[in-house]
Amino acid sequence: MKNIKLESKINVDEYTNYVCESFDIMDRDKSEVIIPFNFKRINTIEWNIGAIIGGSGSGKTSILKTFGQIQQPKFDNSKALISNFDWLTPKDATMLLTSMGLSSVPCWLRPFNTLSNGEQYRATMAYIIASAKQGEVILIDEFTSVVDRDVAKSMSYALQKYIRLHNIQIIIASCHYDILEWLMPNWVCNPQKGGVLEECDYLRQGRPQIQLSVSRVTSQTWDLFKAHHYMTSSVNKSCTFLLFEWNEKPVAIVAVIATPRNNNPNGKAISRVVVLPDYQGIGIGSKVCNFIGGIYRNENCDLYIKTVNPALGEYFNKGNMWGPTAHNGKTRMDRNERYYPNRLERQSYCHKYVGRSITEYDHLLWGINSMRTKSQLKLF
């Protein structure tokens, strides 16, 4: 067992004397705090993620500092966010931000100081992680303290995926206990419980389910999401729009457009799929696409999607819910300004939904005036 002693001198005056006399404090010349911690076992276990959890003033930051210096990166607000990662290649920088759950392309092109709290926090973590030296333990203080709690959960899950994929070691300090089942740390230390390192079994339990509500909405709802689409803010108003919410907060939207084909007059295509930046990194985009594919297949419609988003595209490539089309991984050069003004002239992921049908949600495809209630679904 080790102790951290925080000692400071008190400049005695009438105010400090009043406090000492009122509360029977004997030592009027100095203030002393003892923070217990015991990390003796840390070198005997395999770990990627550690968490120091406790209330404000419990000594979390002091314990964290025993592992090294806590980095506080400074961003150049005269540059786009992604330009601050100039020691990486442009491709590696985009992959890093995507992996950390910040995959909104418009955010990459904006200065750091114009981002939301959640976006800034993800960018900061990406910077700290990417700039760490080989074998260095990464230290994050006040983890998720400035963001909405559902955002904190999605952020925690995205972080742990990246850390484990790259076999990095990171220790976070936080006063929030609700992130633990999403962060799934290998060990936890609570200075209010003696500061002993305790191994965890969160990985065996898996993260909690996410239950979203889905409803049919008008094209006006697109206004909440359009700034976060990588290609264009415009959308065809004839699309079918489905809104997904988590705990009554909008998190994602999917717009589906009719694309009749020679072999199937009922062909459809996902024209837009946007997950708000605060909720990226936990797989919502891929799951809502699977859900949409299932309800359209139940209506005997073929559903297609084309995207340049690497996270979404690689999910389609590796899974068995979507099959590649002839154009997958190729560059389309047959753009027609009149009929396909937004067709991408670069390598794209192109797929057709081949998964199972999903019943019980056919009402989502009724006319907009018939949609009055939300449907609850457990996507994953």
Side-chain angles (χ1 to χ4, degrees), residues 97-98 100-107 116 118-119 122 147-158 161 182 207-236 239-257 268-296 303 305-316 319 321-322 349 351 353 355 358 361 364-365 368 371 373-380:
L97 291 170
T98 298
M100 295 301 294
L102 187 56
S103 57
S104 175
V105 176
C107 290
S116 70
E119 293 163 352
R122 289 178 192 257
V147 297
D148 171 270
R149 299 324 303 158
D150 286 332
V151 175
K153 295 171 185 176
S154 66
M155 186 182 299
S156 299
Y157 189 71
K161 283 198 302 183
W182 301 82
R207 67 150 175 78
Q209 281 192 328
I210 296 174
Q211 181 167 298
L212 302 182
S213 64
V214 56
S215 55
R216 177 79 175 272
V217 294
T218 66
S219 61
Q220 293 173 320
T221 308
W222 171 249
D223 290 343
L224 296 174
F225 297 85
K226 64 183 182 181
H228 303 288
H229 193 267
Y230 64 86
M231 188 168 62
T232 175
S233 61
S234 63
V235 67
N236 193 316
C239 288
T240 297
F241 294 87
L242 296 175
L243 174 69
F244 296 83
E245 296 173 279
W246 185 13
N247 292 335
E248 301 297 320
K249 288 172 287 196
V251 298
I253 195 169
V254 176
V256 178
I257 194 168
K268 307 286 183 180
I270 293 180
S271 175
R272 301 285 186 273
V273 53
V274 177
V275 179
L276 292 180
D278 283 343
Y279 303 97
Q280 294 170 2
I282 56 176
I284 289 178
S286 57
K287 298 302 182 183
V288 299
C289 286
N290 291 346
F291 173 75
I292 298 297
I295 62 174
Y296 271 102
L303 185 69
I305 187 170
K306 180 178 183 178
T307 181
V308 297
N309 183 300
L312 196 57
E314 288 302 322
Y315 170 84
F316 294 148
M321 303 288 281
W322 296 80
Y349 299 92
H351 294 82
Y353 181 78
I358 296 178
Y361 294 97
L364 291 172
L365 306 183
I368 188 65
M371 286 299 303
T373 60
K374 296 178 181 178
S375 298
Q376 300 290 329
L377 63 152
K378 291 183 179 179
L379 290 185
F380 53 107

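Sequential numbering from 1 along the given sequence is applied to the chain's residues.
With sequence neighbours left out, Ala255 forms a side-chain contact (heavy atoms from CB on, under 4.5 Å) with Val235, Cys239, Phe241, Arg272. Under the side-chain contact (heavy atoms from CB on, under 4.5 Å) criterion, Asn247 pairs with Asp150, Lys249, not counting sequence neighbours. Residues that satisfy the side chain to side chain donor-acceptor pair (under 3.5 Å) test with Tyr349, not counting sequence neighbours, are Glu314.
Thr240 is listed as a side-chain neighbour of Tyr296, based on a closest heavy-atom distance under 4.5 Å. Proximity of Val275 to Phe244: side-chain heavy atoms (C-beta onward) are nowhere separated by under 4.5 Å. Side-chain contact check for Phe291 versus Lys287: every heavy-atom pair is 4.5 Å or farther apart. Between Arg216 and Leu242 the shortest side-chain heavy-atom distance falls below 4.5 Å. Contact of the Ile253 side chain with the Leu224 side chain is not registered, since no non-hydrogen atoms from C-beta on lie closer than 4.5 Å. When side chains are defined from C-beta on, Val273 counts as touching Leu312, because their heavy atoms get closer than 4.5 Å.
Without hydrogens or angle criteria, Lys268 side chain to Val256 main chain gives no donor-acceptor distance under 3.5 Å. A donor-acceptor distance shorter than 3.5 angstrom exists from the side chain of Ser154 to the backbone of Asp278, with no hydrogens or angles considered.
Considering CG of Leu365 and CD1 of Ile295, their distance stands at 4.5 Å, rounded to 0.5 Å. Note: Asn236 CG to Trp222 CH2 = 12.0 Å, rounded to the nearest 0.5 Å. A distance of 10.5 Å separates CD of Gln280 from CG of Leu97, quoted to the nearest 0.5 Å. To the nearest 0.5 Å, atoms CZ (Arg122) and SG (Cys107) are separated by 10.0 Å. We find the OG-CD distance between Ser215 and Glu245 to be 5.5 Å, quoted to the nearest 0.5 Å. Separating the NE2 atom in His229 from the OG atom in Ser234 is a distance of 9.5 Å, to the nearest 0.5 Å.
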Audit row: Tyr279, Leu212, side-chain contact (heavy atoms from CB on, under 4.5 Å) steps and yes/no: CA-CA 12 Å; Tyr279 303 97; Leu212 302 182; over 6 Å; no
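The minimum heavy-atom distance linking Met155 with Gly118 is given by the pair CE-O, 3.8 Å. Between Thr98 and Ala311, the shortest heavy-atom distance links the atoms CG2-CB, 3.8 Å.
A donor and an acceptor atom, one from each side chain of Asn309 and Tyr315, are nowhere located under 3.5 Å apart.
Ring-plane geometry between Trp182 and Tyr157 is classed as perpendicular, the angle between the planes exceeding 60 degrees on a 0 to 90 degree scale with a lower cut at 30. Using a 30° and 60° split on the angle between ring planes, Tyr353 and Trp322 fall in the perpendicular class, above 60°.
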